[in-house]
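A short worksheet on the structure shown next.
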Protein chains: 2
Amino acid sequence: MNNGRFAISLHILVLLDKAKGELLSSDYMAGSININPVLVRKELINLRDQGFVVSKEGKNGGATLAKSADKITLGALYESVKSAHLLGSHKNDPNPLCEIGRDINKHLNALYDDTERKLISQLNQQTLADFSARFSN
Amino acid sequence: MNNGRFAISLHILVLLDKAKGELLSSDYMAGSININPVLVRKELINLRDQGFVVSKEGKNGGATLAKSADKITLGALYESVKSAHLLGSHKNDPNPLCEIGRDINKHLNALYDDTERKLISQLNQQTLADFSARFSN
DNA sequence: TCATTCTGTAATTTTATTTATTACAGTACA
DNA sequence: TGTACTGTAATAAATAAAATTACAGAATGA
């Protein structure tokens with residue numbers, strides 16, 4: 001996971017948790033995160049696909065949590081936004097004529113998968129409720 | 001860690017381990033990794049600064065491991081190449097007028113630091129020797 | 001000694017990725 | 001039926017990563 005999507009999604013979820021069921025608009029949330037509202041809407045679609053939030057179209061629409069904050073683990077959130085490999089490079093196209101180059105991707109992927117699995121189980125020990133509780137208000 | 005530096009550095013180290021003390025040139029290693037030799041040389045400088053390799057200038061020069069492969073942990077390698085935060089975004093400049101935005105970086109950083117610490121201790125359980133041994137030759 | 005083969009390093013260009021912007025259709029409300 | 005939203009596509013701008021070019025300096029050995 002190489003981009004700001006984890007931070008954006010977590011920020012969204014904290015805002016929704018603090019809103020206690022009140023619908024928040026993407027424009028409002030974009031103002032808090034200080035990013036473009038379209039990015040918020042895209043993340044909301046992903047969060048909705050994962051079952052974390054529900055959203056309502058039309059006037060007075062917006063988003064709210066779809067489940068209790070203690071049912072959303074940070075590991076699940078991580079998995080929902082990860083795109084590239086944890087440690088992975090963009091391009092990795094080693095020389096197949098070299099004995100090391102030929103096999104390294106297989107071994108790197110095994111290492112990455114193993115490491116990522118442990119990272120996720122680590123993150124799964126914390127929920128959105130835990131994280132949200134760190135905010136004083 | 002968001003780029004291919006971990007993969008590149010590990011590839012270099014495996015090549016050097018398999019070379020058993022014979023000096024390898026950056027051009028040769030770049031050919032195996034299939035990247036530009038200048039990138040290899042830059043990584044070698046970092047690896048040398050970390051005490052993992054030694055390099056020799058001039059004709060018949062090149063690089064070799066500075067210490068035994070079982071003394072180089074993958075956690076130390078990870079630390080040597082990490083630049084950005086593990087889960088961190090490029091830009092993260094939330095609105096300080098929002099109570100959540102005002103505090104979120106503090107809490108995100110605590111989460112990132114904690115998670116990264118555990119990732120590194122996980123990676124520290126594996127050495128270059130372990131990884132290199134996965135290659136059949 | 002001097003051509004050769006390396007490393008070290010800076011500067012620049014190219015490519016890839018991420019983020020922002022613009023635009024607009026569709027939905028729901030009041 | 002205007003207004004305030006979401007959903008979504010297309011494009012542009014900004015940023016980051018990688019490649020390229022260039023060359024100085026070091027060590028070798030013919």
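What you are looking at is a predicted structure, and each value in this text was computed from that prediction instead of being measured. In what follows, every chain begins at residue 1, and chains take the letters A, B, ... in the order their sequences are listed.
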Could you give the [atom1]-to-[atom2] distance, from [X] to [N], as a whole number of Å?
X	N	atom1	atom2	value
B:L23	D:dT28	CG	C1'	13 Å
A:I12	D:dT6	CD1	C1'	13 Å
A:Y28	D:dT6	OH	P	14 Å
A:N36	D:dG7	CG	P	15 Å
A:L39	D:dT6	CG	P	14 Å
A:D93	C:dT15	CG	C1'	15 Å

Which residues pass the side chain to side chain contact (heavy atoms under 4.5 Å, CB included) test with B:K59, sequence neighbours left out? none
Check side chain to side chain contact (heavy atoms under 4.5 Å, CB included) between B:E79 and all other residues, then give those that pass, not counting sequence neighbours. B:I120
Would the distance check show the side chain of A:S132 and the main-chain N or O of A:A129 forming a donor-acceptor pair, the cut-off being under 3.5 Å? no
Going hydrophobic residue to hydrophobic residue with side-chain gaps under 4.5 angstrom, can you get from B:F135 over to A:L111? yes
Just one of A:I33, A:V38, A:N34, A:V40 clears the side chain to side chain contact (heavy atoms under 4.5 Å, CB included) bar with A:N36, so which one? A:V38
Side chain to side chain contact (heavy atoms under 4.5 Å, CB included) partner of A:L16, the single match among A:L128, A:L47, A:V54, A:L24: A:L24
B/S/- contact track for nucleotides 2-12 of chain C, protein heavy atom under 4.0 Å: --BBBBBBB--
